[in-house]
Amino acid sequence: MSLFSRTARERDPRLPPGQYDAGDTFPVLTAEVVPRIDPSQWSFRIDGLVATTRTWTWDDVHRLPASVYEGDIHCVTTWSKLGTSFGGVSLDTLLAEAGPLPTATHVVAWSSTGYTTNLPLEHVTGGKAWVVWEHEGKPLTTPHGGPVRLLVPHLYFWKSVKWVGGLRLLDHDEPGFWETRGYHELGDPWTEQRYDGD
Ligand SMILES: Nc1nc2c(c(=O)[nH]1)N[C@H]1C(S)=C(S)[C@@H](COP(=O)(O)O)O[C@H]1N2
Ligand SMILES: [Mo]
């Protein structure tokens, strides 16, 4: 490659401000002790402000219509992974079975480890969020949240709870693990909502 083409190379338009392309690497960021969760012991629960509290087992979620996300993910520590993919089921499918009540405005997503994060309900509906067990066609590994993690790729990746166990629907916002430690309530990478007050 000539010096000219290197210096003139444009920034990949898929990269939000302040982010770099991590290429083929997929860094691991974990605050807690990594849990070992056997798929046969895993379940996903939606409760709180719903018409019907629902719980799905590993077999149950595999019977639902499969959904794949192909695109990018962005960690607040400035790495982005471009053109990756995750497979699982759309949260829309799961929420439709539980039936959010009209009073529900926010969700808390949680892991059995105690890790939590808060999200406005409208940010996990309309094809924006998934519960996933595959990464680039292979089973999601334990360090990356396997057997099953949340995926909310339009927000910074701390919202994508690893080893996810469920969602609780609320009529108010309830800051989670990182949000009570100075991270932004929402976390939009395109407007660099990294920390509280950004
Ligand atoms: N349970 C749990 N989920 C979590 C985290 C965590 O520490 N524990 N870290 C978050 C953060 S800050 C990021 S960037 C991503 C990292 O996912 P990865 O380790 O698969 O890259 O998971 C998010 N989900
Ligand atoms: Mo992160």
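Order of appearance sets the numbers: ligands from 1, and atoms from 1 within every ligand.
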With a 3.5 Å cut-off and sequence neighbours excluded, list the donor-acceptor pairs that the side chains of residues 98-111 form with protein atoms.
residue: Ser111; atom: OG; partner: Thr113; partner atom: N; Å: 3.0
residue: Ser111; atom: OG; partner: Thr113; partner atom: OG1; Å: 3.0
residue: Ser111; atom: OG; partner: Trp163; partner atom: O; Å: 3.0

When the side chains of residues 66-75 are checked against the rest of the protein, which donor-acceptor pairs come out under 3.5 Å, sequence neighbours left out?
residue: Ser67; atom: OG; partner: Trp130; partner atom: NE1; Å: 2.8
residue: Tyr69; atom: OH; partner: Asp72; partner atom: N; Å: 2.8
residue: Tyr69; atom: OH; partner: Asp72; partner atom: O; Å: 2.7
residue: Asp72; atom: OD1; partner: Gly83; partner atom: N; Å: 2.8
residue: His74; atom: ND1; partner: Ser80; partner atom: OG; Å: 2.7

> Who are the salt bridge (charged side-chain N to carboxylate O under 4.0 Å, His left out) partners of Glu174, not counting sequence neighbours?
Replying inline: none
> How far apart are the C-alpha atoms of Trp133 and His62, what are their side-chain angles, what is the distance that settles it, and do they pass the ring pair (Phe, Tyr, Trp, His ring centres under 6.0 Å) test?
Replying inline: CA-CA 10 Å; Trp133 50 86; His62 283 76; 4.4 Å; yes
Atom pairs, nitrogen or oxygen, ligand 1 to protein, under 3.5 angstrom:
residue: ligand 1; atom: 1 (N); partner: Glu32; partner atom: OE2; Å: 2.8
residue: ligand 1; atom: 1 (N); partner: Lys162; partner atom: O; Å: 3.2
residue: ligand 1; atom: 3 (N); partner: Lys162; partner atom: N; Å: 2.9
residue: ligand 1; atom: 7 (O); partner: Ala31; partner atom: N; Å: 2.7
residue: ligand 1; atom: 7 (O); partner: Glu32; partner atom: OE1; Å: 3.2
residue: ligand 1; atom: 8 (N); partner: Glu32; partner atom: OE1; Å: 2.7
residue: ligand 1; atom: 8 (N); partner: Glu32; partner atom: OE2; Å: 3.2
residue: ligand 1; atom: 9 (N); partner: Leu29; partner atom: O; Å: 3.2
residue: ligand 1; atom: 17 (O); partner: Arg149; partner atom: NH2; Å: 3.2
residue: ligand 1; atom: 19 (O); partner: Leu29; partner atom: N; Å: 2.9
residue: ligand 1; atom: 19 (O); partner: Lys162; partner atom: NZ; Å: 2.6
residue: ligand 1; atom: 20 (O); partner: His144; partner atom: ND1; Å: 2.6
residue: ligand 1; atom: 20 (O); partner: Arg149; partner atom: NH1; Å: 2.7
residue: ligand 1; atom: 21 (O); partner: Pro27; partner atom: O; Å: 2.6
residue: ligand 1; atom: 22 (O); partner: Arg149; partner atom: NH2; Å: 3.2
residue: ligand 1; atom: 24 (N); partner: Ser160; partner atom: O; Å: 3.0

> Can you tell if the side chain of Lys162 reaches within under 4.5 Å of the side chain of Val28, non-hydrogen atoms only?
Replying inline: yes
> Within 45 degrees of the axis of the six-membered ring of Phe177 and under 6.0 Å from its centre: does Arg181 put its NZ or CZ there?
Replying inline: yes
